[in-house]
There are 2 protein chains.
Amino acid sequence: MSNLTPTISEAESHVMEVLWRRAPQSSEDIVAAVQQASDWHEKTIRTLLGRLVAKGAVNAEKDGRRYLYSPALARKQWQSQESHSLLDRVFGGRLSPLLAHFSEHEKLGAKDIAELRKLLDAIEKKGH
Amino acid sequence: MSNLTPTISEAESHVMEVLWRRAPQSSEDIVAAVQQASDWHEKTIRTLLGRLVAKGAVNAEKDGRRYLYSPALARKQWQSQESHSLLDRVFGGRLSPLLAHFSEHEKLGAKDIAELRKLLDAIEKKGH
DNA sequence: CCAAATGAATTACGAGCGTAGTCTAAATGA
DNA sequence: TCATTTAGACTACGCTCGTAATTCATTTGG
């Protein structure tokens, strides 16, 4: 109980990703799953896992002679942190510039636009 | 001519910020401007500035016995990089989850929503 | 029962970052 | 002219990260 919201590095986030998809898992499973998508050395993955446990982003429950690992930080919480951080760091905390940016520089398909409209409708309805 | 898009650290971004607002500026001006918003030591700010020059994010033009500094990386370009990076790292490259996230977890005022709608209209019109 | 395998803990090591301090060369004020 | 100021260059130092290798304690196969 030290850090309210541990920070996850790029590399570490790939380990979290497999734990968010399924948990708990043994380190062996985690290594295998991470290696599906990367060519990292087993040692590297175990190091990352250890660091995640050390910083409280992952829980390790002893299971016999080994551990089973589960995320201690929810994916949504992490997404929240990261989004907020981008918003503050890069866009002065305002959402519209972010959106404007995406509208100018990212390719938004008709599908995306429709989806965003639905989202806005839903938000408005909820908010009132 | 080394790095296409230099990466800017958190601390460095505050220096960029003052250069994006006005350029060129002397280091003295930059130090003063950054200190308006922070309590960083002058040496710290000069170090950050030097690193930005070293990594090609800032240009230094000699002006007599000193330099005048200007951004070599455009703010929009940086915002683009950072946004894209968040999108890929955290939301699997898809915009809707990002938006959905904001709609759930950030406070969107009616004003924001209206603005976003207008943006979507504009995008759609432009796209066709 | 003992050697090999395995999972975890510890250690490594260079790059970047946050946060300065020191050194140097040039300009300037007395 | 000479000491002082100042801007920039170079050095420092502990921390995190990416990327592992080494050591240690068990377990397990033969």
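What you are looking at is a predicted structure, and each value in this text was computed from that prediction instead of being measured. Throughout, a chain's letter reflects where its sequence line sits, starting with A, and its residues are numbered from 1.
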Could you check whether [X] gets within reach of a base, just the sugar-phosphate, or nothing at all, counting any heavy atom under 4.0 Å?
X	value
A:Glu10	sugar-phosphate
B:Glu28	sugar-phosphate
B:Thr47	base
A:Arg51	base
A:Ser27	sugar-phosphate

Is the phosphate of [N], meaning OP1 or OP2, less than 4.0 Å from a side-chain N or O of [X]?
X	N	answer
A:Trp40	D:dG18	no
A:Arg46	D:dA20	no
B:Ser9	C:dG18	yes

Rounded distance (Å) that lies between atom [atom2] of [N] and atom [atom1] of [X]:
X	N	atom1	atom2	value
A:Glu42	C:dA5	CD	C1'	12 Å
B:His14	C:dG18	NE2	C1'	12 Å
A:Lys62	D:dT26	NZ	C1'	11 Å
A:Asp29	C:dG7	CG	P	10 Å
B:Leu48	D:dA7	CG	C1'	16 Å
A:Glu12	D:dA20	CD	P	15 Å
A:Ile45	C:dA8	CD1	P	14 Å
B:His41	D:dA7	NE2	P	14 Å

- Task: Might you work through the side chain to side chain contact (heavy atoms under 4.5 Å, CB included) test for A:Phe91 and B:Glu82, ending with a clear yes or no?
- Result: CA-CA 10 Å; A:Phe91 292 95; B:Glu82 294 293 321; over 6 Å; no
- Item | side chain to side chain contact (heavy atoms under 4.5 Å, CB included) evaluation trace for A:Leu73 with A:Ile8 | CA-CA 10 Å; A:Leu73 174 69; A:Ile8 310 284; 3.9 Å; yes
- Task: Please report the C-alpha distance between A:Arg94 and A:Asp88 in whole Å, then the side-chain angles of each, then the deciding distance to 0.1 Å, and finally whether the salt bridge (charged side-chain N to carboxylate O under 4.0 Å, His left out) criterion is met.
- Result: CA-CA 7 Å; A:Arg94 290 166 324 120; A:Asp88 287 348; over 6 Å; no
- Message: Return the CG to CD1 distance between B:Leu49 and B:Ile30, rounded to the nearest 0.5 Å.
- Response: 4.5 Å
- Message: Does the plane of the ring in B:Trp78 sit parallel, tilted or perpendicular to the ring in B:Trp20? Use 30° and 60° as the thresholds.
- Response: tilted
- Looking only at heavy atoms, what is the nearest atom pair of A:Ser26 and A:Tyr69, with distance?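 Minimum heavy-atom separation between A:Ser26 and A:Tyr69: C-CD1, 4.2 Å.
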- Work out which heavy atom in B:Met16 is nearest to a heavy atom in B:Pro71; give both atom names and the distance.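 Residues B:Met16 and B:Pro71, closest heavy atoms: CE-CB, 4.0 Å.
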- Task: Using the closest heavy atom to pick a nucleotide of DNA chain D for each, name whichever of A:Thr44 or A:Ile8 lands nearer the 5' end.
- Result: A:Ile8
- Task: Could you identify which residues of residues 64-73 of chain A place a heavy atom less than 4.0 Å from some atom of DNA chain D, listed by residue number, or say none?
- Result: A:Arg65
- Message: Please determine whether a side-chain nitrogen of the Lys or Arg among A:Glu12 and A:Arg51 lies less than 4.0 Å from a carboxylate oxygen of the Asp or Glu.
- Response: no
- Message: Can you tell me whether the side chain of A:Lys43 and the base of D:dT22 have a donor-acceptor pair closer than 3.5 Å?
- Response: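 Side chain to base: pair present.
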